[in-house]
Amino acid sequence: MTMKTATAPRLQVKGIRKAFGQNVVLKGIDLSVDAGEVVALIGGNGAGKSTLMKIIMGIYTCDEGEILLDGQPVKLGKASASLAHGIYLVPQEPMLFPNMTVLENILMGFNEREADLRKRLVDCMAELNFTLNLQRKANTLSIAEQQMVELLRGMMRNARILILDEPTSSLTFNEVQALFKTVEDLKKKGIAIIYITHRLTEVFEIATKVAIMRDGVITLEGAVKDFTKEMLIQGLLPGGTEETCIKEEQCAPLDYRHLKPVLEVKDFSGYGFAHCTFNLYPGEILGIAGVVGAGRTELISTIFGRDKTLGGQVLLDGKDITGLSTKQILRAGINFVPEDRHYHGIFKIRSISSNTTSALLNDEEVGKVNMNNRKQREIADKYAKEFRTKIVSLDDLMGSLSGGNQQKVVIARALSTHPKVVILDEPTRGIDAAARGDVYNIIRQLKEAGVAVLMVSSDMEEVMELADRAITVFQGRINGEFSREEITQDTLTSAAFGIAHERKVSGE
């Protein structure tokens, strides 16, 4: 018995089943993770990953099955029980108290002396090469900073089993590398890690084992060395289907020589950026690359009327829209998909259908206050099918969807207004590899239809995959412009970190 316990997995789940009413989410899950091992868990939105993690964390109880720690069965009916057993979940969507300081958020629940806790916290931050004013309120933090606070919470609790849910989704390149170093250090200390990610390149960089979940079951599992990226992508797709991405060669190159810009940004300045100049053409996908905090989000938010303009001009089809309200800019023909869907993108307690069409409240066909339910459902159903959004009913509450499916609805809402320009801020954040192909298809279809797309992305591969042209923002200024042929990982990364030569930007 002792020998079995010593060699048993640190965490093992056996035959886990879970249903919510008639919806069976988990259909007999078997998964294990050893001490010092990183198991990458990947799967489509709605595959059941979050439900499984909530069972391990004691937030949900399973209908059938058992959980073992070091070979011994345990009951984890409460989150406090899981924490007591050394299990900690770092969630993808930060769960901070907005009016409390960073320090208060991290140290909440500890009984040790504050001086000792502060020293440990400083050491944890040094490991991540991360600096942050601990007296800042949580509601002033960017998504990346909030994610780091959540990670620090887990590190401070010295978890024996650490669950990381999309930990790099909003981190810069340097922060990602620092995180990977920390994960390697945790492995050496014997920490068992479940690493949930949609970025397949991370699987091969950080994980020792990989498991694929689809429709409530684990369909593939094994050592990372036995898989290729293509094998993982096929494993994620529904049975009998192939990837649906439109291949690059199918998209005709855009010839700008005879086109008039649909959007002209001239010497534009605002809070967090200054003197930005660029043009956007009909049917163009223009990528905006740069590190978190470079001013990219501030730039596009100000174009959309969310923040105050400090100088310069923005023209849409030659008409000056500088300083207009968001409502006016929306009517003029620009729509926006925000990075943070929870704060700016969704109405959790409204239906999927009403979320999809909420931008059309002033549309004559859909209605103003009392919406035309038939038209509303037609529009919502159209986008749900095109995006392959995993839903049971259009009447389900938005908050019942997984994160990636929520993002699909937010994108659908932006497209429902048939805009001239769509601004996408991290459009595939939190979206799995299979669904990402659907989103890429929609973006390319917009291009083919002549819609101009302005896309901010921290994923250099995404910019390389989609963009006709790219600009980079460094310390609030545009410091580079690259044609389709010039867009590479090296050129974008170098410019994003300010180590490339400045290039001539269109319109200057």
Side-chain angles (χ1 to χ4, degrees), residues 245-268 273 275-290 296 299-305 309 312-324 328-337 411 414-425 427 439-457 462-473 477-488 491-492 495 502-508:
C245 293
I246 298 175
K247 299 302 181 184
E248 179 181 323
E249 58 268 24
Q250 291 178 271
C251 299
L254 191 63
D255 185 355
Y256 303 101
R257 288 174 297 180
H258 307 296
L259 291 177
K260 180 181 178 182
V262 63
L263 185 72
E264 299 171 80
V265 178
K266 300 182 177 182
D267 199 31
F268 195 51
F273 66 95
H275 305 296
C276 291
T277 297
F278 64 89
N279 292 332
L280 177 65
Y281 297 88
E284 179 185 31
I285 301 171
L286 177 62
I288 304 182
R296 301 169 304 162
L299 169 62
I300 59 175
S301 293
T302 306
I303 291 173
F304 195 55
T309 298
Q313 274 187 311
V314 178
L315 305 178
L316 180 66
D317 278 339
K319 180 182 177 182
D320 193 345
I321 62 169
T322 312
L324 294 184
Q328 292 171 314
I329 289 173
L330 189 63
R331 286 177 177 173
I334 299 179
N335 213 327
F336 186 96
V337 175
I411 295 173
L415 303 188
S416 70
T417 62
H418 303 292
K420 300 173 185 176
V421 175
V422 174
I423 301 174
L424 305 175
D425 191 3
V439 175
Y440 285 2
N441 259 348
I442 294 296
I443 294 173
R444 289 190 175 110
Q445 288 168 17
L446 288 173
K447 167 187 169 67
E448 293 297 314
V451 177
V453 179
L454 189 61
M455 181 184 74
V456 167
S457 180
E462 186 162 270
V463 177
M464 292 164 58
E465 174 83 12
L466 291 173
D468 297 297
R469 193 163 49 94
I471 58 177
T472 50
V473 179
R477 293 175 181 264
I478 295 176
N479 72 330
E481 177 183 336
F482 304 93
S483 67
R484 176 71 186 165
E485 295 74 23
E486 295 171 321
I487 298 174
T488 66
T491 56
L492 291 180
E502 289 199 2
R503 307 178 62 86
K504 188 71 174 176
V505 179
S506 62
E508 289 186 343

Evaluate side chain to side chain contact (heavy atoms under 4.5 Å, CB included) for Leu466 paired with Arg444, printing each intermediate quantity in order. CA-CA 8 Å; Leu466 291 173; Arg444 289 190 175 110; 3.8 Å; yes

Indicate the atoms forming the closest heavy-atom contact of [X] with [Y], along with that distance.
{"X": "Val314", "Y": "Asp320", "answer": "O-OD1, 3.4 Å"}
{"X": "Asp317", "Y": "Lys420", "answer": "OD2-NZ, 3.0 Å"}
{"X": "Pro282", "Y": "Ala452", "answer": "CA-CB, 4.4 Å"}
{"X": "Tyr440", "Y": "Glu462", "answer": "OH-OE1, 2.8 Å"}
{"X": "Cys276", "Y": "Phe273", "answer": "SG-CD1, 4.0 Å"}

Any side-chain to backbone donor/acceptor pair from [X] onto [Y]? Under 3.5 Å, distance only.
{"X": "Asn479", "Y": "Ala495", "result": "yes"}
{"X": "Thr472", "Y": "Ala289", "result": "no"}
{"X": "Arg484", "Y": "Ala467", "result": "yes"}
{"X": "Asp468", "Y": "Ile285", "result": "yes"}
{"X": "Thr491", "Y": "Glu486", "result": "yes"}

To the closest 0.5 Å, what do you measure between [atom1] ([X]) and [atom2] ([Y])?
{"X": "Gln313", "Y": "Thr322", "atom1": "CD", "atom2": "OG1", "answer": "5.0 Å"}
{"X": "Leu454", "Y": "Ile471", "atom1": "CG", "atom2": "CD1", "answer": "6.5 Å"}
{"X": "Met455", "Y": "Arg296", "atom1": "CE", "atom2": "CZ", "answer": "10.5 Å"}
{"X": "Ile303", "Y": "Leu280", "atom1": "CD1", "atom2": "CG", "answer": "9.0 Å"}
{"X": "Phe336", "Y": "Ile423", "atom1": "CZ", "atom2": "CD1", "answer": "6.0 Å"}

So, do Phe278 and Phe268 have ring centers that fall under 6.0 Å from each other? no

Would you check if [X] and [Y] make a side-chain contact, meaning some heavy-atom pair closer than 4.5 Å?
{"X": "Ile478", "Y": "Thr277", "result": "no"}
{"X": "Leu316", "Y": "Val262", "result": "yes"}
{"X": "Val463", "Y": "Ser457", "result": "yes"}
{"X": "Lys447", "Y": "Val453", "result": "no"}

Apply the test side chain to side chain contact (heavy atoms under 4.5 Å, CB included) to residues Leu263 and Leu315: give CA-CA distance (whole Å), side-chain angles for both, the deciding distance (0.1 Å), then the verdict. CA-CA 6 Å; Leu263 185 72; Leu315 305 178; over 6 Å; no

Step by step, would you call Ile321 with Ile334 a side chain to side chain contact (heavy atoms under 4.5 Å, CB included)? CA-CA 10 Å; Ile321 62 169; Ile334 299 179; 3.7 Å; yes

